[in-house]
Q: 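Take this structure, written in structure tokens, and hold onto it; I'll ask about it next.
Lettering of chains follows the sequences in order, A, B, ..., and the numbering in each one begins at 1.
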Number of protein chains: 2
Amino acid sequence: MVTLKDISESCKVSVATVSKALNGQSDVGEETSRRIRKVASELGYLPNASARALKTNRSHSIGVLFVDKTGTGLRHEYFSGILDSLKVEAESRGYDITFISNSIGRNTMSYAGHARYRRFDGVIIASADFKDPQVLELVDSAIPLVVLDYVFDSRTAVVSDNVSGMEELTEYIIAQGHRRIAFIHGEDTTVTQKRLASFIKTCAMHGISIPDGFIRQALYHDPKSSGLATRELLGLAEKPTCIIYPDDFSYIGGMNEIEKHGLNVPGDISVAGYDGILLSKVLRPRLTTFEQNAEEIGKTAAAKLIENIENPKTYIPETVSVKGHLIEGESVKALSL
Amino acid sequence: MVTLKDISESCKVSVATVSKALNGQSDVGEETSRRIRKVASELGYLPNASARALKTNRSHSIGVLFVDKTGTGLRHEYFSGILDSLKVEAESRGYDITFISNSIGRNTMSYAGHARYRRFDGVIIASADFKDPQVLELVDSAIPLVVLDYVFDSRTAVVSDNVSGMEELTEYIIAQGHRRIAFIHGEDTTVTQKRLASFIKTCAMHGISIPDGFIRQALYHDPKSSGLATRELLGLAEKPTCIIYPDDFSYIGGMNEIEKHGLNVPGDISVAGYDGILLSKVLRPRLTTFEQNAEEIGKTAAAKLIENIENPKTYIPETVSVKGHLIEGESVKALSL
DNA sequence: TTGTATGCGTTATCAC
DNA sequence: GTGATAACGCATACAA
């Protein structure tokens, strides 16, 4: 491993000069600097990140907390999409991405402990149980931090705009002439609450009141429970003309159930999803859905975090809402009124 | 940030003793050791990973190279599944996972450069272009390394057993009475070559020769191209009775095309996928497919790499083949002979 | 413009 | 059993 010392010997200058030249300091001779850089490159010099971090107290690495509540883990496209863009943005700005865990070596440590141990410059909470004391410890710590899809006081949050997203989707469905709209929602989280409230409110604005029986609970990313809810809805005396699913993937459960009833989408019943994953684009009929802008969310999160890291004094935490967009698809039928 | 020095002052012992006690060295007094550990925990001491890495030349972190050839990135369940299990296994053994990129700060550097800069103890190549000079540079470097689904000489490889996987799937289809089997394959890679050869060989063993027209090229994870190939196959004078797709997701393209022709799966035509992603389990009829054991692959890769890292002298590179299993599903019809 | 000296936090060697 | 001390590679304040 070639070090500054090797270069300094080869160039017959001091280590300090080499360090300065390589870091582009102004107070070093033009000619000297060129010579040093040339030798450094010839020798294949690479700085030692550990030494640099030790000295500067900056690791240039970002910890990502991704705890999987549902067992789906990164297999949910929304999250893998976020991770992907997070990574690209951070790397382009010179930061590496490391996962935060709660074990290091044989003994466990808290998330916050891990973050301190690795000297992460900042942390992104991509997915976690926001009631978990360990997560709260991390949020309460002094480290620069960005949270996704959840808002903590005095902390930067990047959230998918679920309120306007669901509003737009509902507006579209209503505009197609639907009045009897059922809503299957996922587990009770703040995201769910927002979507549900937005749905009901938007309906109300159009003078549509949704009967209790049209609101069903299922689980995110779980076709089975959505299938069950669909069966219940299809068994009602007064069936809905449109069903909104917790997410695109869950709709598959509904799709199967609808077929089993000998019904046809969108001829006999209309459906809509949420997320805009690849699957929704390749199904036929194409699924009407609201695409969350995972790429923008990940990118923004990284950008905000780095802004916070690099301007700790002037940075002001904020909540950034990232808008998605409606994908009309073909699964919501225009009803003649 | 509390350091060894703080503890040593508080305990009125030297830093050396503190270090030893905390690292469980034997040559330190029972009572002293207990006192030190107590104070360390009270003060919330955490070792500084950078300092430790600098001194020991071991970073306890693993670099993962994941370059996305297809644009799908981590959104492919096979890869996100591997990453997930990789992460769990590595973390449980005290190693953190960091992504390898080719930029650090403003200037770019090679993958190998990045790995050296961060002093990764080892590297896992999860997905990459194996002809890329940068990847070859990494493979040729001295760092412990494990490659997934590709074999380099003198390097550990963990591969999904595509030969026996496709064999098993084909055997099953033949056992159901099919003789006219079409095969749509993905881009030309070693994985593709193995699957294709295995398919043709297994058919031949049963005295079945596959006409050229039954072998179609499409792209992995791309329903559109598989849909096109399906259309061609359905347009043949002598249609296949079963179509094998490049992967489960691509089958969606075929599914749409089959429906468009007014055909029914598996009544009119049988189909099979490959991968065993969640989607294949929730479709109705359930997709017949071969499930790759992504979890085992990721886990094995991490385990082998760490074995290599921790026993550099005695470790012998090997190719580990991970078997998956057939999922019968309901999409291949039993033909009466 | 260049060099000297110091210290970041840790581990390891070797005295005591 | 314990404690000085050096060294890992680097950046920087300060001296020359």
Q: Report the C-alpha distance between A:E296 and A:K299 in whole Å, list the side-chain angles of each, state the deciding distance to 0.1 Å, and finish with yes or no for salt bridge (Lys or Arg N to Asp or Glu O under 4.0 Å).
A: CA-CA 5 Å; A:E296 182 68 19; A:K299 182 178 170 177; 5.4 Å; no

Q: Using whole Å, report how far NZ of B:K5 lies from P of C:dG7.
A: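 One finds 10 Å between P of C:dG7 and NZ of B:K5, rounded.
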
Q: Considering all heavy atoms of both residues, which atom of B:I297 and which atom of B:L148 are nearest to each other, and what is their separation?
A: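 Taking every non-hydrogen atom into account, CG2-CD2, 4.1 Å.
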
Q: Looking only at non-hydrogen atoms, find the nearest pair between B:L83 and A:L83 and report the distance.
A: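 Taking every non-hydrogen atom into account, CD2-CD2, 4.4 Å.
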
Q: Sorted by first residue and then second, give each side chain to side chain donor-acceptor pair (under 3.5 Å) pair with at least one member in residues 138-155 of chain A; sequence neighbours left out.
A: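 Sorted pair list: A:Y78-A:D149.
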
Q: Just so I know, are the side chains of A:T3 and A:N48 near enough to count as touching, which here means a heavy-atom distance under 4.5 Å?
A: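 A side-chain contact under 4.5 Å is absent here.
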
Q: Whole Å only: how far is the CG atom of A:L54 from the C1' atom of C:dT10?
A: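 Value for this atom pair: 8 Å.
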
Q: Look up atom CD1 in B:I125 and atom CD1 in B:I100, then write down how far apart they are to the nearest 0.5 Å.
A: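 One finds 7.5 Å between CD1 of B:I125 and CD1 of B:I100.
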
Q: Do B:K55 side-chain and C:dG9 base share a donor-acceptor contact under 3.5 Å?
A: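 Side chain to base: no pair below 3.5 Å.
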
Q: For B:M109, run the side-chain contact (heavy atoms from CB on, under 4.5 Å) check against B:Q134, B:H114, B:R116 and tell me which one passes.
A: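 Testing each of B:Q134, B:H114, B:R116 against B:M109, the sole residue satisfying side-chain contact (heavy atoms from CB on, under 4.5 Å) is B:H114.
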
Q: Taking any atom under 4.0 angstrom from a heavy atom of chain A, which nucleotides of DNA chain D are the first and last to qualify, 5' to 3'?
A: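 Here the contact window of chain A covers D:dG9 to D:dT12.
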
Q: Taking DNA chain C as the partner, which of residues 29-48 of chain A come within under 4.0 angstrom of it by heavy atom?
A: A:G29, A:T32

Q: May I have the distance from B:N57 (atom CG) to C:dA12 (atom C1'), rounded to whole angstrom?
A: 14 Å

Q: Check whether the side chains of A:R37 and A:S33 place a donor and an acceptor atom closer than 3.5 Å, and report yes or no.
A: yes

Q: Please tell me whether B:T156 and B:Y315 have a donor and an acceptor in their side chains that are separated by less than 3.5 angstrom.
A: yes

Q: Using a heavy-atom distance cut-off of less than 4.0 Å, which residues of residues 14-24 of chain B contact DNA chain C?
A: B:A16, B:S19, B:N23

Q: About how many Å separate CD1 of A:I82 and OG1 of A:T300, when rounded to the nearest 0.5 Å?
A: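 Answer rounded to 0.5 Å: 10.0 Å.
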
Q: Round to the nearest Å and state the distance from A:Q25 atom CD to C:dT1 atom P.
A: 13 Å

Q: Enter the inter-axis angle for the ends of the helix from C:dT1-D:dA16 to C:dC16-D:dG1 (five pairs per end, rounded to 10°).
A: 40°

Q: Would you say that B:I62 contacts B:L86 through its side chain, given a criterion of any heavy-atom pair below 4.5 Å between the two side chains?
A: no

Q: Given side chains that start at C-beta, do those of B:E137 and B:Y111 come closer than 4.5 Å, heavy atoms only?
A: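 No, too far: nothing below the 4.5 Å cut-off.
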
Q: With sequence neighbours excluded, tell me which residues meet side chain to side chain donor-acceptor pair (under 3.5 Å) with B:T98.
A: A:T98

Q: Both B:T56 and A:D27 contact DNA chain D. Taking the nearest nucleotide for each, which residue is further toward the 5' end?
A: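 Taking each residue's closest nucleotide, the earlier one in sequence belongs to B:T56.
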
Q: NA contact type, A:L4, heavy-atom cut-off 4.0 Å: base, sugar-phosphate, or nothing?
A: sugar-phosphate

Q: Rounding to an integer number of Å, can you tell me how far B:D6 CG sits from C:dC8 P?
A: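 Value for this atom pair: 11 Å.
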
